[in-house]
Structure formats: C-alpha cells, structure tokens
Amino acid sequence: MRATQLLAPTLRENPAEAEITSHQLLVRAGFIRKVAAGIYTYLPLAWQVIKKIIKIVREEMDRAGGQEILMPIIQPAEIWHESGRWEVYGPELFRLQDRHNRDFCLGPTHEEIITDLIRNEVNSYRQLPLCLYQIQNKYRDEKRPRFGLMRGREFIMKDLYSFDRDEAGLENSYQKMFQAYLRIFKRCGLQVFPVEAEAGAIGGKDTHEFMVLAETGEATIVFCSRQSCGYASNVEKAASPVQYSAQGRASYAGDSEELLPLKEVYTPNIRTVEEITAFLNVPAQRLIKSLLYETEKGIVAALIRGDRELNEVKLQKVLDVQRVELAGAETVERITKAGVGFTGPVNLEGVQLIADPEVMAVKNAVSGANKNDTHLVNVNAERDFKPGLIADLRLVKAGDPCPDCLFPLKEAKGIEVGQTFKLGEKYSRTLGANYLDENGRQKPLVMGCYGIGITRTMAAVVEQRHDENGIIWPVSIAPFHAVIIPVNQKDNRQVDIAESIYNLLQSTGIEVVLDDRPERAGVKFKDADLIGYPWRIVVGNKAVEKGKVELRNRATKEEGLFSPEEIVGALNLTPYT
RNA sequence: CGGGGCGUAGCUCAGUUUGGUAGAGCGCACGGUUCGGGACCGUGAGGUCGCACGUUCAAAUCGUGUCGCCCCGACCA
C-alpha cells in the first residue's frame, strides 16, 4: 500500500472529546471516526486490525469445534416476549417498528434467535454436542456510551453458543472455550486474566470474565497476592470469607468485652461515619451503617460495618430482586421518622432487616437511633435487633483476605474483553429447546454462551500497548507489518531503493506501506510511530551511500543497518512481539 | 435518568461579560526556499457561529425552547 493512496488521516492534536488513551490514539492515528455517540466508522487501518482479530478468533473457534453462522441484526419482538427479556432488558434494547407497526429490536445478543433455531432443528442426542458462533454487530442503547470503542452502542462481537446433553458435556465445552479464549488473547498480544464474575442480565451460574489489566478499565478486580493460589474475581462477585457462626461474637477478634446496656446519645447534626467516629471517638469498625434500599419487593435496611462499603450486586442477588436503589431522603424520613444519617436497626419498623455477618460480630456498636440528632451506643445484634437475613454484603477491597486461602487480596482495574457463561437450562427451558435421549426421553438442552468484544479488544490492545509517541501493535494484528520511509522524496536514488524494497517485501507476502507522500522525514516518522507499524525501514542518504537501510523495531526501538537483500531475513515477524 | 460543562473553518480553540464588518494556530490548495523527528515565506479557498422562535434599527453575543456532544454519578456483555 502506498501512503499517498491510504486513507489514514492523522491528527496533530488530541481530539477534544477523547478521554482515554485508546480513544485518543485511534482517532489521532486515523483509525476511527465518530458518527454519533458510541457509533464509529472504522477506517482502513482499523478495519485491517479488526479483520486480523476476527481471523484469529475464527481460527480458534473452529479449532475448538465451533461452526460459524450469521444471524440477523434485526430480531422480531415475539421471541423476546417469549424469553421474557423484551421487558427485562429495558431501555438498553434498541426497539423499532416496521411499516405494519410490528415490533422489532436490534440484537444486543442472540440467545433468543439461536435457541429458536436449535429447538426447531436439533431433536436428538446424536446431534450433540453442538457449538455455533457468529461474528456480528451488536446494538445496545447504553445509558452512557463512552471511551470510544470501549463502550459503544454499536460494536462487533463474537458470540458462540454451546449445546450439550448434560452438565458434564457443558463442562467439557466450557473448558474448551476457556482454553480457546486464553489462546486468542495471547495471539492478540494481550495479557489477560480470567476472573470469576456475576452473570448479570444474561443469566446463568458459573461465569468468567477475561480481563485486560489497564488503568482505564471500568471493572475492578481482586486477586490473591499468593501466586500459587490463583484466586481472581470481579469485585462485584468477590466473596468475603467472614462467616457468621451460631456461636456469635465470641468467635471474632478474640474479644471478651462485656455487653453494655443500650444508651441514647445526643449527636447534633452528626450524620456521616467520619463525623461520628470523630465525635464519639470510636473506630469506624464499631459503627453499624444502615442503608435503606428500595426494591420491587419493598424497602429493606441493609446493615454493614461503618468501615465497609456495601456491594449492591450482592444485595440484589441475596434479595432476589431486579432493582436495588438507595432510598431518597423522603423515603428515609417516612420510614425512620428522622433525617438521613440517623437510621439504625433498633426498633426500625416496616422494613426487612438484612445484615452482613460482620455486623453481627460487633460488640457495643454505635448506630443511628431513628431519631433526629441521636445515636445509640452499646448496640448489640440479637439482643437489640434481629435481622431477618444474614448475608455477605461487603464490597471486597485490597488487603481483605482471599476467600480461598486468606492471604491478602490485591486490587486492579481491568477491561473486560470476553466473558463465558454456563447458561445451563435457562433459555432452553423457557423457550422449549429439548432433545430426545437414548431412552426417548425429552430433556432440555444444556447451554453455554461465550462472547468476545472484537472492537473492544482492539481498543484494549492500544490501551495496553502504547507509548508517548503512539500505538505499538503486535505483528499478529498490526494493520501492516512494516512501513518504508524514503527520507527525501525528491531524491531519486532513495525513492528507487525504497520502491525496490517495497516490491521485494510485497513479493514475499510482507504487508508493507510505502510512505511516498511528499512530506518531510519528521512528519513521516511521527506518523509511523503514531500508527504503530511494528517495523520501520528508513531509506536515507548516508545509508544509501553505504548501500544499507535502517531497520527499526517500534516496540524495542532497536535499530540496525541492513542491505536491501538482508531486510526480509532481518524482519522478525514473530506474531506477538 | 440525576448533576456539571460544551456546541464558532477539517482539527485545537479565541471572540459572548459590555449586541454593531467572522478571528488565530494547525490542516488544505498554489508558488518559492528547505529537507533525518510534526520547516519557513508568500498567495488563497474554506464558516446558515448546532437548530428554531423571540427581543432589537441591528444577535455568535440577550431570552425561551430544542437537538447534539463530553465529563461525574447511577447502570451495564
């Protein structure tokens, strides 16, 4: 490809709207342009990268036994009603109507379509196991699209669905996919690590997210500091190892303190945990934070130790509700008869009490009194209040003990590039996708689903592989392997040598750009670094006189002089470096 | 959906407070000088100032509405 013919509009300055590195660089280096919020055109360089990522994904899916299909973007509302997700998915579903006012949606995912296909076409255990996948545009009307390709409203995704006859089959399919995922991301030059996660709207039991560690990641993950343990989890999922025992407080902290009588104290306008710890001179661990949440099943009071944060996902799961929303000031006042900041579990009427096990362990705790400017001291669980439910509600954080081995956990930010789910029978039951076993008995198919965000993966690679000058593509997915830069476009000797190297490399199958633009060398160097070609070949005067050209590695910055004939041999096209 | 901010040339931004002829740098076109890390000189093209309505002799500037975009939060494969 000649640079004069390549549409790669680079920018000198960062676009004002781009916040994170991958967004800035992909726009600046001429890979993408925005069409609307969260919707982008992929220019030639980006599409080149995307096609390569897709090729890798396709090879690994095929190797793992997948068969590629292509399902429609536009999906009729009926099957979404059937699965119940027309309502559940909410405003995130792009909905539209045809000329007859029939409802459709743009597919955010394809469980419904595939299950519909399979229930009609697969009837026998002899046809199992079956793995089908597609690489397709997906549509999600995100509340807040952001960070360029990270969270788009239109994006490219690979989704594979596995169908097995039983749990053992699913486990086998799941493991194959898990391994395939590790290979895919490695081949894309990414360092990922799989973490345990929550299933979210898709549903299912076991699920892993594949995380690319990056400062700009939207997900927080925790992992065990002990290498051999290997525990890693999304914080939302991460369990806290503290369990409540029937023996109660005595088992905690070796604390032999006596239970003291309950007492009211005057705490004028003292509302927050910080204010109370300062005012009463007690540590935050001794406080019981009482948070009122509104759910579709009513209002609950969630109790958590003063030094902890509540994990709303855990709360939602434990209550088995769709919606948990921190109650507003009016609701708090209606329920507690006091202002925000004075809520406490003692004599709190009309709500369900749910407590974290740690709360049960605090002796002589401090809590709100449900009375303005008043707190209670020497509050003790069981004696002064009795929660209807005790459940792990804590948001785990760095330093907390690992649930598997009790070593301290570490925390990191990650970009989720893939997720695998064991769906089980969730969709096959609701949509009636069954098969007949050897005994002629009808059974629901056992499903798994496995996604990879293709366009997000491209952004994640930029996020993980860049420097102050631009992107550093691995050879495996670089838009081109190399760029040839004649330093002076008006020097015929340089141009001739550059042209001959260009022809030579092309004839050996190396993907190369000849930067034949009438620009000064500096401009070409800047663009080469910005775009991130793995190799750069500079044809300059001094080099020409010695019959040698420069070969430079984008990632390592190593340089060497080679004769044109030596270049092909010197180019190291090891994919992932 | 709550809070905040911004819409002026392809890009980055001034100008809006105090209404009166549309600006700069970069990019682009042409000519010249340059030529190994985003050169310089000259000439030039390019804008319904997001859109609509209103106030006014006069609106980029004031008012109302509306659309779009960005950030924080909530939410999310």
Side-chain angles (χ1 to χ4, degrees), chain A residues 9-20 23-24 27-28 30 33-39 85 88-93 107-111 138-148 150-153 155-159 197-204 207-211 218-219 234 236 293-294 312-313 316 322-326 328 415-421 423 449-457 468-470 485-491 494 515 517-530 536 538-544 549-550 552 557 559:
Chain A
T10 55
L11 303 174
R12 291 189 181 223
E13 292 169 278
N14 273 327
E17 65 185 27
E19 186 77 4
I20 64 167
H23 188 194
Q24 290 171 342
V27 173
R28 260 194 76 198
R33 286 295 183 265
K34 188 175 71 183
V35 175
I39 299 175
R85 291 208 298 182
V88 173
Y89 227 96
E92 209 151 285
L93 195 60
T109 170
H110 284 72
E111 281 86 5
K138 303 278 181 190
Y139 297 84
R140 295 186 192 171
D141 195 358
E142 293 284 347
K143 280 176 183 170
R144 181 140 96 90
R146 59 182 138 174
F147 300 148
M150 282 304 175
R151 180 165 296 274
R153 294 195 291 174
F155 54 100
I156 303 173
M157 181 164 163
K158 183 283 304 180
D159 46 325
E198 284 295 337
I202 300 275
T207 168
H208 287 87
E209 290 170 341
F210 289 74
M211 292 292 187
E218 293 184 81
N234 190 312
E236 289 177 351
Y293 275 90
E294 300 191 47
E312 292 186 1
V313 175
Q316 182 182 359
Q322 295 291 334
R323 189 174 70 93
V324 290
E325 213 168 310
L326 202 55
I415 299 164
E416 181 198 339
V417 287
Q419 186 160 19
T420 54
F421 298 89
L423 294 176
C449 94
Y450 315 83
I452 289 180
I454 302 284
T455 39
R456 183 184 279 187
T457 296
E468 65 282 5
N469 295 314
I485 298 179
V487 166
N488 187 337
Q489 198 63 35
K490 289 183 182 155
D491 183 329
Q494 291 183 13
D515 196 343
R517 296 175 300 167
E519 293 285 354
R520 296 163 62 87
V523 173
K524 296 186 182 183
F525 293 155
K526 287 289 186 191
D527 276 351
D529 284 350
L530 184 58
R536 187 183 80 183
V538 176
V539 183
N541 241 339
K542 297 167 213 160
V544 166
V549 297
E550 289 167 29
R552 180 184 162 100
K557 298 185 166 70
E559 273 187 9

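Just so you know, these numbers use all the heavy atoms, side chains as well, and skip hydrogens, waters and symmetry mates. All chains are named by letter (A, B, ...) in the order of the sequence lines, taking the proteins before the strands, and each is independently numbered beginning at 1.
B:A77 and B:G38: their C1' atoms are spaced 40 Å apart (whole Å). Separating the P atom of B:C67 from that of B:U21 is a span of 31 Å, rounded to the nearest Å. Rounded to a whole angstrom, the distance from the C1' atom of B:G27 to that of B:G47 is 16 Å. Here, B:A45 and B:G63 have their C1' atoms 37 Å apart, quoted to the whole Å. Nucleotides B:U55 and B:C28 have their C1' atoms positioned 40 Å apart, rounded to a whole Å. Taking atom P on both nucleotides, B:C35 is separated from B:C49 by 45 Å, rounded to a whole Å. Rounded to a whole angstrom, the distance from the P atom of B:G20 to that of B:A60 is 9 Å. For the C1' atoms, the distance linking B:C69 with B:G25 amounts to 24 Å, nearest Å.
Nearest to the side chain of A:Ala16, among B:C13, B:C75, B:C70, sits B:C13. For A:Arg140, the listed nucleotide lying nearest its side chain is B:A77; candidates were B:C75, B:A77, B:C69. Closest to the A:Lys143 side chain, of the nucleotides B:G25, B:C71, B:A74, is B:A74. Across B:C69, B:A77, B:C71, the shortest atom-to-atom separation from the side chain of A:Ala37 is found for B:C69.
No hydrogens or angles were tested; on distance alone, nothing pairs the side chain of A:Arg144 with the base of B:C76 as donor and acceptor under 3.5 Å.
Pairing of B:G23, defined by two Watson-Crick or G-U wobble distances under 3.5 Å, is identified with B:C13. Across all strands shown, B:G68 forms a Watson-Crick or G-U wobble pair, both distances under 3.5 Å, with B:C6. Pairing partner, B:U48: none, since no Watson-Crick or wobble contact has both distances short of 3.5 Å. When both distances must be under 3.5 Å, the Watson-Crick or G-U wobble mate of B:U56 does not exist. Pairing for B:C30 goes to B:G42, judged as Watson-Crick or G-U wobble with the two contacts each under 3.5 Å. Base pairing of B:A77 is not made with any nucleotide, judged by Watson-Crick or G-U wobble geometry with both donor-acceptor distances under 3.5 Å. In this structure, B:G37 makes no Watson-Crick or G-U wobble pair, since no nucleotide meets both defining distances under 3.5 angstrom.
Place A:His23 and A:Glu209 on RNA chain B by their nearest nucleotides, and A:His23 ends up nearer the 5' end. The residue among A:Ala36 and A:Pro15 whose nearest nucleotide of RNA chain B is located toward the 5' end is A:Pro15.
Taking the ring axis of A:Phe525 as reference, the NZ or CZ atom of A:Arg536 stays within 45° of it and closer than 6.0 Å to the ring centre.
Counting to the nearest Å, the P atom of B:C70 and the CD1 atom of A:Ile39 are 11 Å from each other. One can place CE of A:Met157 at 13 Å from C1' of B:C76, the figure rounded to the nearest angstrom. Between the CG atom of A:Leu93 and the C1' atom of B:C76 there is a distance of 14 Å, given to the nearest Å. Between A:Glu218 atom CD and B:C71 atom P there is a gap of 10 Å when expressed in whole angstrom units. The nearest whole Å value for the distance from the CZ atom in A:Arg85 to the P atom in B:C76 is 14 Å. The interatomic distance linking A:Arg146 (CZ) with B:C72 (P) rounds to 6 Å, in whole Å. A:Arg151 places its CZ atom 12 Å from the P atom of B:C71, with the value rounded to the nearest Å. Atoms CD (A:Glu13) and P (B:G25) sit 13 Å apart, rounded to a whole Å.
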(request) Go through A:Thr207 and A:Gln419 one step at a time and tell me if the side chain to side chain contact (heavy atoms under 4.5 Å, CB included) criterion holds. (result) CA-CA 7 Å; A:Thr207 168; A:Gln419 186 160 19; 2.9 Å; yes
(request) Start with the C-alpha gap between A:Arg151 and A:Arg456, add the side-chain angles, then the distance that decides, and say whether side chain to side chain contact (heavy atoms under 4.5 Å, CB included) holds. (result) CA-CA 8 Å; A:Arg151 180 165 296 274; A:Arg456 183 184 279 187; 3.9 Å; yes
(request) List the steps, then state whether side chain to side chain contact (heavy atoms under 4.5 Å, CB included) holds for A:Ile415 with A:Met211. (result) CA-CA 5 Å; A:Ile415 299 164; A:Met211 292 292 187; 6.0 Å; no
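Residues A:Arg146 and A:Glu218 are paired through a salt bridge, judged by an N-O separation under 4.0 Å between the basic side chain and the carboxylate. A salt bridge between A:Glu92 and A:Arg140 is absent, with no side-chain N of the basic residue lying under 4.0 Å from a carboxylate O of the acidic one. Checked for salt-bridge contact, A:Glu559 and A:Arg552 meet the test: a charged N lies under 4.0 Å from a carboxylate O.
Within 4.0 Å (heavy atoms only), A:Glu17 reaches sugar-phosphate atoms of the nucleic acid but no base atom. Looking at heavy-atom distances under 4.0 Å, A:Ala18 makes no contact with the nucleic acid at all.
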(request) Take nucleotides 34-46 of chain B nucleotide by nucleotide from the 5' end and write B, S or -, depending on whether a protein heavy atom sits under 4.0 Å from the base, only from the sugar-phosphate, or from neither. (result) BBBBBB-------
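Note: A:Gln494 CD to A:Asn488 CG = 5.5 Å, rounded to the nearest 0.5 Å. Atom NZ of A:Lys138 is separated from atom CD1 of A:Ile156 by 11.5 Å, given to the nearest 0.5 angstrom.
A:Asn234 and A:Glu209 share a side-chain donor-acceptor pair at under 3.5 Å.
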